[in-house]
Structure formats: C-alpha cells, structure tokens
Chemist: 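Next up is a structure, given as structure tokens.
Because the structure is predicted, anything quoted here is derived from the model rather than measured.
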Amino acid sequence: MANPVPSACCVVLAAVVVVYAQRHSQQDTRVQYERIGADVTMKCGAMDWDAAVTWTVNGSDIDESHLNGSYLVLRNVHLGHSGQYSCYEGSSWHLKYQTSLKVGTPPKEPVLMCRSNNYPKRFYCSWHLPSPTYIPNTFNISVIHGTREMVCEKEAVPKNRCHIRYLQLFSTVKYKVTLTVTNALGRNSTTITFDEFAIVKPDPPENVVAKPVPYSPRRLEVRWNNPSSWPDPESFPLKFFLRYRPLILDQWQHVELSDGTSHTITDAYAGKEYIIQVAAKDNDIGTWSDWSVAVHATPWTEEPKYLTTEAQAPETTTSSTSSFVPPPTTKICDQEKVVGSGAVAVSWAAGLVLAAAGVLFI
C-alpha cells in the first residue's frame, strides 16, 4: 500500500511554490514621482474599490490601516516612503499592480558660473543646484553671443560642466547664458550675461617653493611656476600677488609683482616660521586667481657654538666654588656658636687665674 504522506507534502510544497511565484512574478514597473509632504493614493490596477487585496513595499506587508478599500493611502510622504509598491489579489497572491514610488522636490533656481582659465582659447560654464531634489534632473544650457547661438560641449568629468571655444577675440558683444533644470515635479532656470574680459580668471600658480637665504636671517627666497592651464604666457603675461605672514601673527603682508616668477622677502622675523601663498592675474583683464597651496619656510639661523669638555671643566669648578654662599641664617647661627664657645673658654681661663691668685693670696 502506498504511503500518502509524501504525496500530501508534495502538494503543499507545490502550492507554496506557486504562491511565491505569483507573489514575485515580474510585471512592468511604473515609476511614480511625488512631492515631499504630499498625500498619495495608489489604486490596485483594475481591481474594484471593495476587492480584497494585499499591499507590500520592498517585499514587506503593509498594515491594513493604510488601506481605503483596495486603495493604498500614504499621507504626508517623506523620503522614507520611496520604494517598490506591489498590490496582490486576495489570497491568490496574483500580482495586479506594481510601482516604484520616488519622493522628492521640484528644482530650485540653479547656480550658474562661467570662467576662462585658459584665455584666449575657450571658457567653460558650470552649475549646481542649491539643494538636492532626490530625484533625477535634466539640465539644458544655451549660449548666445549677440545673435549667434554657440555650442557648449559637455565634458565627461565633471558632468555639470561644458566649454565654449572663442570664435572672435576682443569682442565687445556680451554673452548670454541660460541654464534650465527640469525634473518630474517641476522646472527652473537662471540667466547670466557678461563680456569675455570679465570672466578671465587664471588658475593659481604652481610649484610654489620658499627657501631660507644663507647668512641672511631676515630673508626668504620664493619661486613658483605659471599655471599649466594658461596657454600663452608670452603673449598674455601674468602678474602675481604674494602674501606672507609668520605663524605667530594673523596679519598678512602683501607684494604685487608685475613680472617674473620669484621674489625675495627681506623683512621676515629672524627664526620665525612663515606661511606663503601666491595668486595670478592677466596683466590687463579679468580677476585674480585663487591662492596657491600654502608653503612654509623659516629664515636662516646661525647654528649655536658648543664648548668642548676641556674648556668646561675649570669653568665648572670655579663656578661651583665661587657660587657657594651659606644661607644667612646658617651663617649667623654659626657665628653665635663660635662666640658662645669663646665666652665659655674665657670664663674657664679666668677662673683658673683667679683660683691661682687666691691660693697665692692665702
């Protein structure tokens, strides 16, 4: 006779597998975007309002208190509500609806900046949002020079930047750049206008080195290189601005240099460590670069001369002999002891004399 127990177990196992497969069956997933703070209602596909359904988020069952009939209601949603929502029909666990909820915000006005650090070749524009939206954003930028629209070539890294090649130098016509940001919840834009001279700003000088000058306790020699991104320093020379201060003070001293890539500081404090930085600017147009990486240096200091052991020996002996002075109280105390002892001796001698004299007189 066949054992019915294994057959029953197989039936139960098969049913579990079917339910699991139905519950996790694949279906085209929709994406639903909602604003932070909004109330969200999700309908379970084509199911009636009073149909028996089960909702899950990221595979976990949702409490029935969030249901209105077969509808799922989420109030005042926040970032934590983002996830994969699924609705299943009754106890059959047949998947009827699935959506990926993404909670975020519409974009605020973007921050846009344009700059030329390798004049006269090209300039670039970069942008960012003042606050995150938590959902994908699309940026579109347009550059117009007079009546001509120019191409802003996107860069792979960083992604929020593109560059524009100069087609006409020394033009007095202004550039107009407009950036528009869009996401599923809204859009925003910003526009700036400028002429080509206003956005010229070199990168900071490179390889700044500061060294002490031998036998000069108040001098420091500073050298640097032009920024490697500046394409033609011969035709478009740079001037430099140097600042320095000892670490013990907060106030900077400044020197502007019209040419050259070196300078000797002549008023440093002897023996004090200094911090030094350099900035660069086109000779005629634009603005100063950011400061270079800070370097540290200390002016030359004469090494101390140490005495030999032979020279120190007699000096130590003399010093120890001459420097010994007994404390005043001890000295006075010793004198009193000496005086007291002398008085006793005199009295004793006088007694002997008187005694001898008395014998003679007797």
Chemist: Measure SG to SG for Cys114 and Cys125 and state whether it is below 2.5 Å.
Modeler: yes

Chemist: If you take all heavy atoms of Pro130 and Glu109, which pair is closest and at what distance?
Modeler: CD-O, 3.3 Å

Chemist: Kindly say whether Asp267 contributes a backbone atom to a donor-acceptor pair with the side chain of Arg218 at under 3.5 angstrom?
Modeler: yes

Chemist: Taking CD in Glu64 as the centre, count heavy atoms belonging to other residues, nucleotides or ligands within less than 6.0 Å. Is the count above 12?
Modeler: no

Chemist: Is the backbone of His78 close enough, under 3.5 Å, to the side chain of His81 for a donor and an acceptor to pair up by distance?
Modeler: yes

Chemist: About how many Å separate NE2 of His145 and OG1 of Thr147, when rounded to the nearest 0.5 Å?
Modeler: 9.5 Å

Chemist: Indicate, with yes or no, if Val57 and Tyr134 share a hydrophobic cluster defined by side-chain heavy-atom contacts under 4.5 Å among Ile, Leu, Val, Met, Phe, Trp and Tyr.
Modeler: yes

Chemist: Take a 6.0 Å sphere around CZ of Phe197 and say whether it holds more than 12 heavy atoms from other residues, nucleotides or ligands.
Modeler: yes

Chemist: For Arg223, is the CZ atom crowded, meaning more than 12 foreign heavy atoms sit under 6.0 Å from it?
Modeler: no

Chemist: Testing the basics here: between Pro120 and Phe236, what is the closest heavy-atom pair and its distance to 0.1 Å?
Modeler: CG-CE1, 3.6 Å

Chemist: My understanding is that only residues two or more places apart in sequence, or in another chain, count here; which of them pass ring-ring contact (aromatic ring centres under 6.0 Å, His included) with His263?
Modeler: none

Chemist: Any chance you could lay out the ring pair (Phe, Tyr, Trp, His ring centres under 6.0 Å) test for Tyr85 and Trp55, step after step, and finish with the verdict?
Modeler: CA-CA 7 Å; Tyr85 288 80; Trp55 281 89; 7.2 Å; no

Chemist: Working to the nearest 0.5 angstrom, can you tell me the gap between Arg161 CZ and Cys152 SG?
Modeler: 10.5 Å

Chemist: Verify the neighbour count for atom CG of Asp250: are there more than 12 heavy atoms of other residues, nucleotides or ligands below 6.0 Å?
Modeler: no

Chemist: Group every Ile, Leu, Val, Met, Phe, Trp and Tyr by side-chain heavy-atom contacts under 4.5 Å, then state whether Trp291 and Tyr244 land in the same group.
Modeler: no

Chemist: For the pair Leu74 and Leu101, evaluate side-chain contact (heavy atoms from CB on, under 4.5 Å) and give the outcome as yes or no after the intermediate values.
Modeler: CA-CA 11 Å; Leu74 304 175; Leu101 177 64; 4.0 Å; yes

Chemist: Quick check on Lys108: does its NZ atom have over 12 non-hydrogen neighbours (other residues, nucleotides or ligands) under 6.0 Å away?
Modeler: no

Chemist: Using modelled atom types only, decide if a donor and an acceptor are shared between the side chain of Trp49 and the backbone of Asn68 within a distance under 3.5 Å.
Modeler: yes

Chemist: Work out which heavy atom in Pro205 is nearest to a heavy atom in Ser289; give both atom names and the distance.
Modeler: CD-OG, 4.0 Å

Chemist: Quick check for you: to the nearest 0.5 Å, what is the distance between Lys159 atom NZ and Lys154 atom NZ?
Modeler: 11.0 Å

Chemist: Do side-chain atoms of Trp224 reach the backbone of Pro204 as a donor and acceptor pair under 3.5 angstrom?
Modeler: no

Chemist: Counting C-beta onward and ignoring hydrogens, is there a side-chain heavy-atom pair between Met150 and Leu167 closer than 4.5 Å?
Modeler: yes

Chemist: Do Trp300 and Ile265 sit in the same hydrophobic cluster, where Ile, Leu, Val, Met, Phe, Trp and Tyr count as joined when their side-chain heavy atoms come under 4.5 Å apart?
Modeler: no

Chemist: Please confirm whether the backbone N or O of Lys201 pairs with a side-chain atom of Arg115, one donor and one acceptor, at under 3.5 Å?
Modeler: yes

Chemist: Should Tyr269 and Leu249 count as side-chain neighbours, where that means a heavy-atom distance under 4.5 Å?
Modeler: yes

Chemist: Is it the case that one hydrophobic cluster holds both Trp288 and Met113, taking links as side-chain heavy atoms less than 4.5 Å apart, direct or via other members?
Modeler: no

Chemist: Please report the interatomic distance OG1(Thr105) to CD(Glu34), rounded to the nearest 0.5 Å.
Modeler: 13.0 Å

Chemist: Looking at Ser126, is its backbone amide N or carbonyl O close enough to the side chain of Asn160 to form a donor-acceptor pair, meaning the two atoms are under 3.5 Å apart?
Modeler: no

Chemist: For a quick check under 3.5 Å, do Gln98 and Ser86 share a side-chain donor-acceptor pair by atom type?
Modeler: yes

Chemist: Sequence neighbours excluded, which residues qualify as side chain to side chain donor-acceptor pair (under 3.5 Å) partners of Tyr119?
Modeler: Glu196

Chemist: Starting from the C-alpha separation in whole Å, work towards a yes-or-no answer on side-chain contact (heavy atoms from CB on, under 4.5 Å) for Asn225 and Thr261.
Modeler: CA-CA 6 Å; Asn225 293 337; Thr261 55; 5.6 Å; no

Chemist: Is it true that, when you exclude Lys281 itself, more than 12 heavy atoms of the residues, nucleotides or ligands shown sit nearer than 6.0 Å to its NZ?
Modeler: yes

Chemist: Could you give the distance from CG (Leu112) to OG1 (Thr180), rounded to the nearest 0.5 Å?
Modeler: 10.0 Å

Chemist: Check step by step if side-chain contact (heavy atoms from CB on, under 4.5 Å) holds for Leu72 and Leu67.
Modeler: CA-CA 5 Å; Leu72 175 65; Leu67 300 185; 3.9 Å; yes

Chemist: His254: what forms a side chain to side chain donor-acceptor pair (under 3.5 Å) with it, not counting sequence neighbours?
Modeler: none

Chemist: Test Val208 against Val222 for side-chain contact (heavy atoms from CB on, under 4.5 Å), laying out the working first.
Modeler: CA-CA 7 Å; Val208 181; Val222 186; 4.2 Å; yes

Chemist: Say whether, by atom type as modelled, one donor and one acceptor occur between the side chain of Asn118 and the main chain of Trp230 under 3.5 angstrom.
Modeler: no

Chemist: Any non-hydrogen side-chain atom of Leu238 less than 4.5 Å from a side-chain atom of Pro227?
Modeler: yes

Chemist: Do the charged groups of Asp232 and Lys121 touch, with an N to O distance under 4.0 Å?
Modeler: no

Chemist: Between OG of Ser100 and CD of Gln32, what distance do you get to the nearest 0.5 Å?
Modeler: 9.5 Å

Chemist: Taking all heavy atoms of Ile275 and all of Trp252, pick out the closest pair and write down the distance.
Modeler: O-CZ3, 3.6 Å

Chemist: Between Asp48 (side chain) and Ala51 (backbone), is there a donor-acceptor pair under 3.5 Å?
Modeler: no

Chemist: Please identify which of these residues, Ile199, Val200, Asp203, meets the side chain to side chain contact (heavy atoms under 4.5 Å, CB included) condition with Asn117.
Modeler: Asp203

Chemist: Do the side chain of Thr133 and the main chain of Pro107 share a donor and acceptor less than 3.5 angstrom apart?
Modeler: no

Chemist: Measure from the side-chain N and O atoms of Ser116 to the backbone N and O of Arg122, and report whether any donor-acceptor pair falls under 3.5 Å.
Modeler: yes

Chemist: How far apart are the closest heavy atoms of Ser228 and Glu206, and which atoms are they?
Modeler: OG-OE2, 2.9 Å

Chemist: For the residue pair Phe123 and Tyr166, does the interplanar ring angle fall in the parallel (under 30°), tilted (30 to 60°) or perpendicular (over 60°) class?
Modeler: tilted

Chemist: Would you kindly confirm whether Leu79 and Met42 end up in one hydrophobic cluster when ILVMFWY residues are joined by side chain heavy atoms under 4.5 Å apart?
Modeler: yes

Chemist: Could you tell me which non-hydrogen atom of Pro299 sits nearest to which non-hydrogen atom of Tyr274, and how far apart they are?
Modeler: CD-CD1, 4.4 Å

